[in-house]
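Keep in mind that the numbers below use all heavy atoms, side chains included, and drop hydrogens, waters and symmetry copies.
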Amino acid sequence: MDLHLSGKSALITGASKGIGFGIAQALAAEGCNLHLVARNGGELEKAQAALRAAHPGVAVDIYSMDMSRADAAQTLLERCRHVDILINNAGGIPNGAIDAVDDATWRRAWDIKVFGYINMTRAFLSEMRERRAGVIINIVGAAAERVKVGYVAGSTGNAALMAFSRAVGSDSLDYGVRVLAINPGLIKTERLQMRFEQMAKTELGDSTRWREIMARVPQVGEPSDIGDMAAFLASDRARFITGVAITVDGGAVARTPL
């Protein structure tokens, strides 16, 4: 299926690895030019080199930036004003129950992800409305639907972003713009491995036995699973899809806990 993305441009935050890089790979394979954002400049350069090598005809620009900064969205708007697609993906909210996540940690995590997504959407939505064209996809998380007491800051933040995406996307098509969310389940990333390593250290006394912990999980996806969904949703093939959150988790949210 030709997604007709060749020659279009996409801005992806949190793009140097994991889900963000998986989305970058999927869009580049469709001929989409890329603007990649992440905090770690070295990791960004590696991602840029890999994408350029795999897709010589695709332009890949990089921006090392902390998305928790209040001026980050305006800075990126000035540099990438006319992008066709915005993928908000930066930020990970730490695990922990309400008495385990202190105020500073909670606020820092929300500044990067929750308010980072809101600020970026606000900035680029205005410009896209003027052009009457554009797609904004917020990569949120399945904890928005299956809340967990041990992930209270993440569950709450993700639920807020899911509601935000639905609300903003509910009438955005009136202006030629689509806004929606993807809720990934467990995806094989460095962050997930670190989580399993912590669990293995706690439960088994050995962090190197993390694969034993992962083996207990019924379904773990690949970054490409999210990348392929993002590419489809960013394309005109999904022109009537807006104001929704699509869960990609191998059925985990729908599965009844034992």
Side-chain angles (χ1 to χ4, degrees), residues 5 8-28 32-48 50-51 58-94 108-128 134-141 144 154 157-158 160-162 164-165 168-169 177-184 187 189-191 223 226-227 229-231 233-234 245 248:
L5 290 173
K8 291 192 174 185
S9 59
L11 170 60
I12 309 169
T13 66
S16 62
K17 53 189 177 181
I19 289 174
F21 184 65
I23 293 172
Q25 288 176 306
L27 292 175
C32 191
N33 297 313
L34 302 173
H35 299 271
L36 309 182
V37 184
R39 279 180 292 182
N40 189 313
E43 293 294 333
L44 267 177
E45 290 176 359
K46 292 178 184 178
Q48 181 186 49
L51 289 163
V58 168
V60 184
D61 296 320
I62 57 175
Y63 310 88
S64 178
M65 191 172 299
D66 182 352
M67 294 307 300
S68 69
R69 291 176 56 94
D71 62 351
Q74 189 60 39
T75 299
L76 287 169
L77 180 64
E78 291 170 1
R79 297 181 183 181
C80 314
R81 180 174 298 274
H82 299 297
V83 293
D84 302 292
I85 303 157
L86 168 62
I87 309 286
N88 286 314
N89 176 68
I93 302 177
R108 169 69 176 174
W110 276 34
D111 279 343
I112 296 173
K113 186 169 184 178
V114 180
F115 292 107
Y117 284 26
I118 291 170
N119 291 340
M120 286 289 286
T121 299
R122 180 185 288 118
F124 281 86
L125 180 63
S126 177
E127 196 282 330
M128 288 177 174
V135 181
I136 298 174
I137 301 175
N138 294 317
I139 308 301
V140 181
N158 287 355
L161 285 173
M162 184 168 69
F164 171 76
S165 303
V168 177
V177 184
R178 294 187 295 110
V179 181
L180 59 150
I182 297 176
N183 287 336
I187 304 296
T189 62
E190 290 182 15
R191 183 166 173 250
I226 309 303
M229 177 59 74
L233 292 173
V248 183

Out of curiosity, [X] [atom1] to [Y] [atom2], how far, rounded to the nearest 0.5 Å?
{"X": "C80", "Y": "F124", "atom1": "SG", "atom2": "CZ", "value": "5.5 Å"}
{"X": "D111", "Y": "I118", "atom1": "CG", "atom2": "CD1", "value": "10.5 Å"}
{"X": "S64", "Y": "E43", "atom1": "OG", "atom2": "CD", "value": "11.0 Å"}

Are any non-hydrogen side-chain atoms of [X] and [Y] less than 4.5 angstrom apart?
{"X": "V135", "Y": "L86", "value": "no"}
{"X": "L36", "Y": "L51", "value": "yes"}
{"X": "C32", "Y": "I85", "value": "yes"}
{"X": "F164", "Y": "V179", "value": "no"}
{"X": "K8", "Y": "N33", "value": "no"}
{"X": "I136", "Y": "N88", "value": "yes"}
{"X": "I187", "Y": "P184", "value": "yes"}
{"X": "L34", "Y": "Q48", "value": "no"}

#### Entry: Listed partners of Y63 passing ring-ring contact (aromatic ring centres under 6.0 Å, His included), at least two apart
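In terms of ring-ring contact (aromatic ring centres under 6.0 Å, His included), with neighbours along the sequence ignored, Y63 is linked to H35.
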So ring pair (Phe, Tyr, Trp, His ring centres under 6.0 Å) across residues 66-92, not counting sequence neighbours, yields none
List, one per line, each side-chain donor-acceptor pair under 3.5 Å for residues 9-27, sequence neighbours excluded.
| unit_1 | atom_1 | unit_2 | atom_2 | d |
| --- | --- | --- | --- | --- |
| S9 | OG | D84 | N | 3.4 |
| S9 | OG | D84 | OD2 | 3.4 |
| T13 | OG1 | N89 | N | 2.8 |
| T13 | OG1 | A90 | N | 3.0 |
| K17 | NZ | E190 | OE1 | 3.3 |

Which heavy atom of [X] sits nearest to which heavy atom of [Y], and what is that distance?
{"X": "M162", "Y": "A245", "value": "CG-CB, 3.5 Å"}
{"X": "A28", "Y": "V58", "value": "O-CG2, 3.6 Å"}
{"X": "S165", "Y": "N138", "value": "OG-ND2, 2.9 Å"}

Discussion item. Strictly by salt bridge (Lys or Arg N to Asp or Glu O under 4.0 Å), give each pair with a member in residues 61-71 just once, sequence neighbours left out.
Written reply: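 Salt bridge (Lys or Arg N to Asp or Glu O under 4.0 Å) check on residues 61-71 returns D66-R108, R69-D71.
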query = With sequence neighbours left out, which residue pairs that include part of residues 112-126 fulfil the salt bridge (Lys or Arg N to Asp or Glu O under 4.0 Å) condition?
reply =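 Those involving residues 112-126 do not exist here.
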Sorted by chain and residue number, the salt bridge (Lys or Arg N to Asp or Glu O under 4.0 Å) partners of E127 (sequence neighbours excluded) come out as R131
(message) Quick check against the 3.5 Å criterion: does N183 have a side-chain atom that pairs as donor or acceptor with the backbone of G141?
(response)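 Yes, N183 side chain to G141 backbone: donor-acceptor pair under 3.5 Å.
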Whether the side chain of Y117 engages the backbone of I139 through a donor-acceptor N/O pair (distance < 3.5 Å, no angle test) should be reported.
yes
Legend entry - Stepwise side chain to side chain contact (heavy atoms under 4.5 Å, CB included) check, M120 with M67: CA-CA 9 Å; M120 286 289 286; M67 294 307 300; 3.6 Å; yes
